[in-house]
Amino acid sequence: MNRNEVSRREFLHIAGAAAAVLALAFAAAAVAQNAGDAARGTRAFQACAACHSLEPGRNMTGPTLAGVLGRKAGSLESFGRYSEALRKSGIVWNERALDAWIANPEKAVPGNFMSFVGLPDARARADLVAFLRAASEGKMPAPRPAALPDLKKAPAEATVTAMRHCGDSYFVTTGSGATLPFWEFNLRFKTDSSPSGPAPGKPVLVGQGMQGDRAQVVFSAPEEISSFIRKGC
């Protein structure tokens, strides 16, 4: 082996080692760039707070996100409104899976029920995932969603004592003695079995904006609805 061949091999060895070091440096920089900021993620979570809580056992439109990291998708026993697509997805929620889901839920799991178009900002997604991790580990305080009104404490003018249906109208009598007419299409019936829901047999009339011509009557259980309404003109 001549001197030129030795020098060439040494050069290639050094160049290869340098390339490996540069690759590791770029990888570390990418990880650092993609690492989310949990404090910023608190703000990003506001996009989720209308439908998800971070309190264990408190499900809303969507399941609680308490302890979501490491949980199999569609497996929370206290939440019964998962799509079959999500239940059968086989996903376990880690940082990568959450990032893909938050970016585009329909692309991540076609046919799921989540009505969220996705968050295109990669940094905001990384911040949100970092916040969920920190909140799950008790390193960040979880923001509490706005408390629902306690319907058991509704005033007399909102407590429903009687309802009758005539033609295309409902007539709702309240605890204050007033009887209010509603076009049947403008009156909705709901149930709330949570601790803040109405007492059994004591539905509550809740306004629904507009010009005061729309409202909802909230019952404690669905079987109360038909038994509470009587026919009469």
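We're numbering straight along the sequence, starting at 1.
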Pair Phe189 + Tyr170: ring centers closer than 6.0 Å |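 Yes.
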Output field: ring centroids Phe131/Phe45 closer than 6.0 Å |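 So the answer is yes for these two rings.
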Run the side-chain donor-acceptor check on residues 66-74: report pairs under 3.5 Å with partners two or more places apart or on a different chain.
from	atom 1	to	atom 2	distance (Å)
Arg71	NH1	Ala66	O	3.1
Arg71	NH2	Thr64	O	2.9

Are Arg133 and Glu95 close enough, and set up right, to give a side chain to side chain contact (heavy atoms under 4.5 Å, CB included), and what steps lead you there?
-> CA-CA 9 Å; Arg133 166 72 73 183; Glu95 281 87 349; 2.9 Å; yes
Without swapping roles, check the side chain of [X] against the backbone of [Y] for a donor-acceptor pair under 3.5 Å.
{"X": "Asp213", "Y": "Phe182", "answer": "no"}
{"X": "Ser53", "Y": "Ala49", "answer": "no"}
{"X": "Arg164", "Y": "Gly232", "answer": "yes"}
{"X": "Glu224", "Y": "Phe219", "answer": "no"}
{"X": "His52", "Y": "Leu54", "answer": "no"}
{"X": "Asp99", "Y": "Ala126", "answer": "no"}
{"X": "Thr161", "Y": "Thr173", "answer": "yes"}
{"X": "Glu157", "Y": "Thr174", "answer": "no"}
{"X": "Asp127", "Y": "Gly36", "answer": "no"}
{"X": "Asn186", "Y": "Trp183", "answer": "no"}

Answer whether the closest heavy-atom distance between the side chains of Phe171 and Ser169 falls below 4.5 Å.
->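 Side-chain contact under 4.5 Å: yes.
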State, yes or no, whether a side-chain contact exists between Val172 and Thr179 at a heavy-atom distance under 4.5 Å.
->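 No, side chains not in contact.
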Please name all residues satisfying side-chain contact (heavy atoms from CB on, under 4.5 Å) with Gln216, sequence neighbours left out, ordered by chain then number.
->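 Arg188, Lys190, Val206, Gln208.
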Would you please say whether a donor-acceptor pair under 3.5 Å links the side chains of Ser220 and Asp192?
->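 Not at all, the side chains of Ser220 and Asp192 share no donor-acceptor pair under 3.5 Å.
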Please work out which of the three classes, parallel, tilted or perpendicular, describes the rings of Tyr82 and Phe79, given edges at 30° and 60°.
->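 Geometry flag for Tyr82 against Phe79: perpendicular rings.
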Considering residues, nucleotides and ligands other than Arg96, do more than 12 of their heavy atoms fall under 6.0 Å from its CZ?
->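 No, not enclosed.
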SG of Cys48 to CE of Met60: how many Å apart, nearest 0.5 Å?
->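 Reported to 0.5 Å precision, the distance equals 11.0 Å.
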According to the ring pair (Phe, Tyr, Trp, His ring centres under 6.0 Å) rule, which pairs have a member within residues 101-120, sequence neighbours left out?
->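 Of all non-adjacent pairs touching residues 101-120, those that pass ring pair (Phe, Tyr, Trp, His ring centres under 6.0 Å) are Trp93-Trp101.
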Leu187 and Val217: CA distance, side-chain angles, deciding distance, side chain to side chain contact (heavy atoms under 4.5 Å, CB included) verdict = CA-CA 7 Å; Leu187 190 64; Val217 180; 4.0 Å; yes
Side chain to side chain contact (heavy atoms under 4.5 Å, CB included) between Lys202 and Lys152: does it pass, once the steps are laid out?
-> CA-CA 8 Å; Lys202 295 183 178 180; Lys152 292 182 178 65; over 6 Å; no
Begin with the C-alpha distance, continue with both residues' side-chain angles, and end with the deciding distance and a verdict on side chain to side chain contact (heavy atoms under 4.5 Å, CB included) for Val160 and Val204.
-> CA-CA 5 Å; Val160 178; Val204 174; 5.8 Å; no
